[in-house]
Amino acid sequence: MIARRHPRLATLRAALVSLVVSVLAIGVIATPAQAYSWTGCRWPNTQIYVRNTNLSGTDATTAGAAQTAWSNQTDVQINASVSATFTRFVAADGATGVDGSTTWTCSGGTTTAAAAHLNTTYTNGFVANKRQAIWVHELGHGLGLGHSASLAALMYTSAAQVYNTTGAFTPQSDDVLGINARY
Ligand SMILES: [Zn+2]
């Protein structure tokens, strides 16, 4: 009798462990296909213009590379224009805990102006690819994306954390889905 009970318990335990493993596996697989969010604003069409105000050196090249990446990978086309109301700049904000930020002006759901910037207090210490990751994130806000729930997306709350974790510095699949669903 005892000899039979132990195998049953062992089988039950094995089944429980299997169930837990299965639930964990489903949890990983069930990462939302669409983790992106929107800000509530978007530009009137897919032709979007930006201009730099005080960018030079690595800040200028990485901002340009981020712009090109969004253009190449999504339905929006971002070009430079001296009259653009979407501006990019850098500022030494200090140790605020924020690598960059973006503000935008919205009228009836349409973006009329945006300003994306990097906080050089932190970003001057970043390698070029990591700086580009922050630009991709901030430009993404300017285009109309909010934060993504996916750590695989550069629109995750912290693009620096995504870069540190995955090495990503161009828009990822969730970022692309978010823009293409918006425009
Ligand atoms: Zn953000």
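Start at 1 and go down the list; that is how both ligands and their atoms are numbered.
For the residue pair Ser148/Asp174, the side-chain donor-acceptor check at 3.5 Å is satisfied. If you check the side chains of Thr62 and Trp135, you find a donor sitting under 3.5 Å from an acceptor.
Listed by chain and residue number, Phe86 satisfy the ring pair (Phe, Tyr, Trp, His ring centres under 6.0 Å) test with Trp43 (two or more places apart in sequence, or in another chain). Every residue two or more places apart in sequence or in another chain that forms a side chain to side chain contact (heavy atoms under 4.5 Å, CB included) with Thr166 is listed here: Val162, Ala168. Taking the side chain to side chain contact (heavy atoms under 4.5 Å, CB included) definition, one finds that Asp75 meets it with Asn180, sequence neighbours left out.
Here the CE-NE2 distance, from Met155 to His137, works out to 4.5 Å after rounding to the nearest 0.5 Å.
Within the sub-2.8 Å shell of the Zn ion (ligand 1), the protein contributes these N/O/S atoms: His137 NE2, His141 NE2, His147 NE2.
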